[in-house]
Protein chains: 2
Amino acid sequence: MKDIALLAGVSATTVSRVFHSPNLVESGTRERVLHICKQNQYVYNATAGDLSRKNSTVVGMIVPTTRNSVFGDSIQGVQEKAQELGYSIMIGHSNYDNSAERKLLQRFRERQVAGLILAGFTFGQERFIKSLIESGIPCIVTSERLDDSSMSYVGYDNFKAAYSMTEYLISLKHRRIGLMIGPCSKMNRAKKRLEGYKLALEDHGIPYDPSQVIEREPTLIDGKEAMGVLLSLKERPTAVFAASDWLAIGGLNAIKERGLRVPEDISLAGFDDIDVAAYSDPPLTTIRIPGYEMGRIAMRALAEMIKNDKSEVRQYCLETGLIVRESCAEFRNNVTTSLE
Amino acid sequence: MKDIALLAGVSATTVSRVFHSPNLVESGTRERVLHICKQNQYVYNATAGDLSRKNSTVVGMIVPTTRNSVFGDSIQGVQEKAQELGYSIMIGHSNYDNSAERKLLQRFRERQVAGLILAGFTFGQERFIKSLIESGIPCIVTSERLDDSSMSYVGYDNFKAAYSMTEYLISLKHRRIGLMIGPCSKMNRAKKRLEGYKLALEDHGIPYDPSQVIEREPTLIDGKEAMGVLLSLKERPTAVFAASDWLAIGGLNAIKERGLRVPEDISLAGFDDIDVAAYSDPPLTTIRIPGYEMGRIAMRALAEMIKNDKSEVRQYCLETGLIVRESCAEFRNNVTTSLE
DNA sequence: TTGTACGCGTTATCAA
DNA sequence: TTGATAACGCGTACAA
């Protein structure tokens with residue numbers, strides 16, 4: 001910038017102004033400066049600008065993994081909104097690991113992010129996140145509906161969604177309902193789903209049976225393996241609620257491998273409504289969550305918090321939907337009996 | 001840092017040293033400084049450090065979209081390696097759009113990225129990318145095997161992979177082979193696949209028929225729609241090569257909807273070997289690409305280029321594999337005839 | 001082992 | 001409308 005100033009015969013201040021407030025510079029000067037910038041392939045240094053302005057324009061985002069399209073949707077939403085607003089996105093994945101997550105959080109703080117978007121967080125991270133907020137880095141959690149009234153989120157009600165799906169299965173006369181669930185010992189999101197499942201059972205007088213519940217990572221292979229376990233249970237479930245579509249699709253594979261049919265022999269429900277859920281055979285009954293929209297809203301809210309009040313608490317609870325497709329059917333005693 | 005220095009009764013330089021070369025500081029002083037840092041919740045400012053050192057530790061990555069797990073794998077690989085090496089990742093997606101891509105490139109440059117990883121790039125971007133390299137920002141392209149000997153890549157041979165799949169289909173006695181292909185008018189990767197398909201046909205004396213080729217975005221819905229077009233062709237293909245698993249799975253859906261069977265009535269092959277390809281019904285014959293590994297290698301190579309010679313050209317061509325599962329069968333004339 | 005002085009590329013402030 | 005100066009938070013060279 002100094003060089004440009006020299007070549008243009010103006011001060012560095014003027015050059016700077018050409019970029020951030022062109023109207024303060026006489027049009028002649030402006031064009032001359034601009035011209036020289038082109039000629040010399042001058043590139044503005046945004047980090048230096050941020051430093052000088054004590055004001056960062058990058059926000060960090062942490063997801064459990066980028067391999068799962070559930071988070072891909074959110075990233076896309078965040079990213080697009082960020083672009084519109086002039087922010088850049090720094091990304092990291094935690095693999096559901098508390099210490100990896102902590103390191104990322106620390107790293108992002110050192111990188112002077114203006115704010116943070118977290119697609120959930122592992123248990124035990126709360127205090128650290130709050131300390132970030134106190135230190136002036138607003139954080140928004142997505143994919144969750146937090147009970148804590150002092151933390152911001154743009155999410156949905158995992159408890160309610162899981163409850164509604166379980167209840168739907170019960171309304172189909174199922175009473176032995178297996179559950180394949182994500183890392184509920186690590187993430188609140190999964191835990192809430194488990195609780196929703198439990199309460200729905202209870203509310204309908206069905207005793208909770210821990211042997212019908214399997215915790216795994218939300219992947220195809222884990223889903224297949226978990227379903228294997230459920231199917232070889234003495235008290236085999238007549239319906240399985242997979243609280244992740246990946247678990248469901250993996251499970252579907254295991255079911256077919258054993259020559260069983262969905263939904264005739266066993267009902268199967270998912271969660272997330274990833275694209276491929278509608279394309280599976282049979283199409284998967286599942287819970288739709290607004291991943292992309294959530295990302296956009298979170299980024300917009302975060303930007304506002306950054307500009308206005310960094311310690312403000314914002315909470316948005318988006319709607320989920322029960323998408324009924326063809327993977328669940330009414331329980332008919334004879335069928336299952338004949339297979340047992 | 002100045003404050004810490006004051007509180008510790010040392011100079012800012014000493015505090016600085018405590019972080020980047022602790023061994024130069026007497027252990028007593030070191031511990032005292034560290035202690036005061038904890039007490040005052042001092043956080044190191046990595047961007048200021050980068051600025052002062054004229055040396056960035058963030059690298060940019062551009063993918064077409066984060067919604068496609070093909071890129072999710074690469075991101076994961078890049079991200080993990082970056083973490084090991086002390087780099088942070090800035091991410092952006094282009095949506096296969098040239099001008100969006102250009103804006104990201106420009107933005108990353110202003111952000112002083114130390115290097116760039118591009119999961120391919122749209123036609124017309126080459127010159128700009130080269131100018132980035134010339135200006136000292138090493139760029140590595142992934143998912144491609146570039147013909148240009150002046151650009152670095154960590155990729156695989158799309159041409160060869162597509163050729164081999166087409167040839168496999170031909171070896172199964174298919175002679176009318178449809179092609180569902182990604183944005184080959186925008187991205188080299190897709191174009192190369194198209195060329196591989198063409199040459200394989202030619203080498204086996206099969207005339208190229210443009211009406212058997214449909215270009216779409218690699219999504220489920222486009223795959224379904226494209227397959228609809230192919231299936232209603234007068235000269236319906238006996239096999240379809242979907243040069244993207246998403247296109248294939250979308251297509252599979254369209255096939256089943258018409259009451260046709262795979263592979264008995266029509267063979268179907270994919271490309272990418274995304275996780276779900278092995279879980280589809282029937283499991284998809286496809287081309288395996290090393291997405292995760294590619295990401296790791298790219299990041300490692302980039303880091304080396306940043307440290308050593310920024311204008312060095314590195315080219316890694318990774319192996320792809322033809323994964324034969326159950327979605328392709330030998331063509332039997334009677335079957336197709338009876339259906340027509 | 002520690003400190004001083006200066007510079008990194010930009011912006012804010014104040015004065016002209 | 002423009003410029004001089006100081007500052008942002010840190011690292012490096014050199015001196016002590």
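Side-chain atoms are counted along with the backbone in the values below, which use heavy atoms only and exclude waters and symmetry mates. A note on names: the letters A, B, ... follow the listed sequences, proteins ahead of strands, and every chain is numbered from 1. Every value quoted in this text rests on a predicted model; they were computed, and no experiment measured them.
Phosphate contact (OP1/OP2 of dT2(D), side-chain N/O of T29(A), threshold under 4.0 Å): present. Residue S16(B) has a polar side-chain atom (N or O) positioned under 4.0 Å from OP1 or OP2 of dG11(D). The phosphate of dG3(D) (OP1 or OP2) has a side-chain N or O of T14(A) nearer than 4.0 angstrom. For S52(A) and dC8(D), the shortest distance from a side-chain N or O to OP1 or OP2 is not below 4.0 Å.
Of the two residues near DNA chain C, K2(A) and H20(A), the one whose nearest nucleotide lies more 5' is K2(A).
Look at CG on N55(B): it is 15 Å from C1' on dG7(C), rounded to the nearest Å. Rounded to a whole Å, the CD atom of E110(A) is 13 Å from the C1' atom of dG9(D). We find that CD of E31(B) is positioned 14 Å from P of dT1(C), with the value rounded to whole Å. For D50(A) and dC10(D), the CG to P distance is 15 Å, given to the nearest whole Å. Residue L24(A) contributes atom CG, which lies 13 Å from atom C1' of dA12(C) at whole-angstrom precision. In this entry the distance linking CE of M1(A) with P of dA7(D) reads 20 Å, nearest Å. One interatomic measurement links the two molecules: CZ of F19(A) to P of dG9(C), which rounds to 15 Å at whole-angstrom precision. A straight line from CZ of R32(B) to P of dT2(C) spans 8 Å, rounded to a whole angstrom.
Picking from dT2(C), dA7(D), dT2(D) the nucleotide with the shortest atom distance to the side chain of E26(A) gives dT2(D). Comparing dT10(C), dA12(C), dG11(D) by their closest approach to the side chain of Y44(B) singles out dG11(D). Side chain of R17(B), nearest nucleotide from dT2(D), dC8(D), dT2(C): dT2(C). Proximity note for L51(A) (side chain, C-beta onward) versus dC8(D), dT2(D), dT11(C): the nearest is dC8(D).
Remark: the T47(B) side chain and the dG9(D) base include no donor-acceptor N/O pair separated by less than 3.5 Å. Judged by distance alone with a 3.5 Å cut-off, a donor-acceptor contact links the side chain of T13(B) to the base of dT4(C). Under 3.5 Å, the side chain of R53(B) and the base of dG7(C) form no donor-acceptor pair of N or O atoms.
Closest approach of P64(A) to H93(A), counting heavy atoms only: O-CB, 3.6 Å.
The closest donor-acceptor contact from the side chain of N45(A) to the backbone of T47(A) lies under 3.5 Å.
Screening K81(B), K310(B), R314(B) against E304(B) for a salt bridge (charged side-chain N to carboxylate O under 4.0 Å, His left out) leaves a single residue, R314(B).
Y42(B) comes within 4.0 angstrom of the backbone, heavy atoms only, and of no base.
F128(A) carries R102(A) over the face of its six-membered ring, with the cationic atom under 6.0 Å from the centre and within 45° of the normal.
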Item to check | side-chain hydrogen bond (donor to acceptor under 3.5 Å, both in side chains) evaluation trace for S311(A) with D309(A) | outcome: CA-CA 6 Å; S311(A) 58; D309(A) 179 4; 3.0 Å; yes

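Classification of K186(A) and D97(A) as a salt-bridged pair fails, no side-chain N sitting under 4.0 Å from a carboxylate O.
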